[in-house]
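A short write-up of the structure that comes next.
Worth knowing before you read on, the calculation uses all heavy atoms, side chains too, and leaves out hydrogens, waters and symmetry mates. Note that the coordinates shown come from a computational prediction; the quantities given were computed from them, not determined experimentally.
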Amino acid sequence: MRIVDLTVPIEPHFRWPMERSLKSDFARGDPFQVTWLGLVVHGFTHIDSPRHMVPGGPTSSEVPLEATIGEAAVIPLDDAPDTAPIDAGLLAERGGHIRPGDIVLLRTRWDERRRLHSPAFWTEAPWLTRAACEWLLARRIKALAPDFPQDYPIRGLLGGQTAPIAEFVSHDVLLRNGVILIEYVCNFGALRTARPTVYALPLKLPDSDGCPARVIAVEPD
């Protein structure tokens, strides 16, 4: 088998505040090196639990691991144009191999087209329409992992603009109905098969609305 890492590194980023320091340091004469880390749970590669959208909904620690581990269907969208919607018709055309209970990977290879650390990654990306999310929901998938910022209003967040939650369509249609979102993944271009096995392992952080995760795909060598 081959293992493909789909996780972005946790490092300074203009969108996601983080703090990292050495609490113990060999250079200061300490006997150990100890790193301290603080970050938002919705930055970098992470999962969204329904509590992010639904008051009283399941938290990250209540989402079973079975919801983020399992067979996946890769939907090839490498030719999705910049700054354009991805609609249900395109998903239907290319997603015929989706099975109920799948984790769906939407592959645009956006991380190869724009740098994660550039504003263009957010403002020039394609996005999902409500109809596309409804089509995915009807396939009875258990999780969705897009490799691009999938909701149109995300681009406005860079300038402090807000939008009604209904316009964050993947959250409103999918997460609200229990489909877990695995966000800000990368390296889909390294996948060779249309149906890998995905392991998205969130940290065991009790009672949170989201959680950093290490995400990998396993496929035949």
Side-chain angles (χ1 to χ4, degrees), residues 1-9 13 15 44-48 68 70-99 101-139 141-155 158 168-171 173-175 179-200 213-221:
M1 67 178 183
R2 61 190 297 264
I3 297 173
V4 181
D5 192 356
L6 308 178
T7 315
V8 303
H13 190 277
R15 272 208 66 203
F44 310 97
T45 302
H46 68 280
I47 71 160
D48 282 355
T68 57
E71 291 187 46
V74 179
I75 310 304
L77 302 167
D78 308 51
D79 56 348
D82 302 355
T83 322
I86 295 172
D87 209 344
L90 183 59
L91 297 186
E93 175 187 323
R94 302 186 183 182
H97 57 299
I98 294 176
R99 302 170 186 168
D102 272 351
I103 298 170
V104 170
L105 311 184
L106 299 182
R107 188 190 73 200
T108 65
R109 303 176 69 164
W110 190 244
D111 56 305
E112 299 177 31
R113 295 158 63 179
R114 301 291 189 280
R115 290 182 57 254
L116 177 70
H117 291 269
S118 70
F121 182 91
W122 312 92
T123 60
E124 298 175 8
W127 66 88
L128 293 176
T129 65
R130 175 170 288 271
C133 294
E134 291 171 345
W135 185 88
L136 289 166
L137 183 65
R139 307 279 82 72
I141 66 173
K142 66 181 181 182
L144 176 70
D147 67 355
F148 56 99
Q150 73 273 15
D151 290 338
Y152 183 84
I154 291 174
R155 65 194 58 220
L158 270 67
F168 291 84
V169 292
S170 70
H171 293 71
V173 174
L174 296 171
L175 188 61
V179 177
I180 303 304
L181 298 182
I182 305 169
E183 297 190 315
Y184 306 121
V185 282
C186 65
N187 203 29
F188 284 8
L191 296 171
R192 297 175 183 169
T193 178
R195 294 197 57 84
T197 300
V198 165
Y199 297 81
R214 188 67 179 262
V215 183
I216 64 170
V218 177
E219 55 186 12
D221 196 349

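The pair Asp78-Arg107 meets the salt-bridge criterion, since a charged nitrogen lies less than 4.0 angstrom from a carboxylate oxygen. With respect to the salt-bridge test (charged N to carboxylate O, under 4.0 angstrom), the residues Asp102 and Arg139 do not qualify.
Here CD1 of Ile154 is found 7.0 Å from CZ of Arg15. Values are rounded to the nearest 0.5 Å. The CD1 atom of Ile103 lies 9.5 Å from the CD atom of Glu71; values are rounded to the nearest 0.5 Å. Atom CG of Leu181 is separated from atom OG1 of Thr68 by 12.0 Å, given to the nearest 0.5 angstrom. In this structure, Ile86 CD1 and Thr108 OG1 are separated by 6.5 Å, a value rounded to the nearest 0.5 Å. For the atom pair Ser170 OG and Leu144 CG, the distance stands at 7.0 Å (nearest 0.5 Å). With rounding to the nearest 0.5 Å, the separation of CD in Glu183 from CG in Asp48 is 4.0 Å.
No side-chain heavy atom of Ile180 sits less than 4.5 Å from a side-chain heavy atom of Lys142. In this structure, Leu128 and Leu106 have side chains that are in contact, with non-hydrogen atoms separated by less than 4.5 Å. Contact annotation: the side chain of Ile98 approaches that of Ile141 to within less than 4.5 Å [non-hydrogen atoms, C-beta and beyond]. No side-chain heavy atom of Trp110 sits under 4.5 Å from any side-chain heavy atom of Pro146. Between Glu124 and Phe148 there is no side-chain heavy-atom pair separated by less than 4.5 Å. Side-chain contact between Phe44 and Thr7 is absent, with no heavy atoms from C-beta onward closer than 4.5 Å. The shortest distance between side-chain heavy atoms of Leu136 and Val179 does not fall below 4.5 Å. Residues Phe168 and Val173 are not in side-chain contact: their nearest non-hydrogen atoms beyond the backbone lie 4.5 Å or more apart.
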Table please: side-chain donor-acceptor pairs of residues 213-221 below 3.5 Å, with sequence neighbours left out.
from	atom 1	to	atom 2	distance (Å)
Arg214	NE	Asp5	OD1	3.3
Arg214	NE	Asp5	OD2	3.4
Arg214	NH2	Asp5	OD2	2.7
Glu219	OE1	Arg192	N	3.2
Glu219	OE1	Thr193	N	3.2
Glu219	OE2	Arg2	NH1	2.3
Glu219	OE2	Arg192	N	3.0

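With sequence neighbours left out, the ring-ring contact (aromatic ring centres under 6.0 Å, His included) criterion links Tyr199 to no other residue. Residues passing the side-chain contact (heavy atoms from CB on, under 4.5 Å) test with Ala190 are Val4, Asn187, sequence neighbours excluded. With sequence neighbours excluded, the residues satisfying side-chain contact (heavy atoms from CB on, under 4.5 Å) with His117 are Glu11, His13, Arg115. Not counting sequence neighbours, Glu134 has no partner by the side chain to side chain donor-acceptor pair (under 3.5 Å) test. For His46, the ring-ring contact (aromatic ring centres under 6.0 Å, His included) test picks out His42, Tyr184, with sequence neighbours left out.
Across Ala125 and Phe121, no two heavy atoms sit closer than the pair CB-O, 3.5 Å. Looking at every heavy atom in both residues, Pro81 comes nearest to Arg113 through C-NH2, 3.9 Å. Pairing each heavy atom of Ala145 with each of Val185, the nearest pair is CB-CG2, 4.2 Å.
Within 6.0 Å of atom OH in Tyr152, 12 or fewer heavy atoms from other residues, nucleotides or ligands are found, so the atom counts as exposed in its surroundings.
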*Going through the distances and angles, do Thr83 and Arg155 end up as a side chain to side chain contact (heavy atoms under 4.5 Å, CB included)?*
CA-CA 10 Å; Thr83 322; Arg155 65 194 58 220; 3.9 Å; yes
_Would Phe188 and Leu6 count as a side chain to side chain contact (heavy atoms under 4.5 Å, CB included) here? Give the steps._
CA-CA 7 Å; Phe188 284 8; Leu6 308 178; 3.8 Å; yes
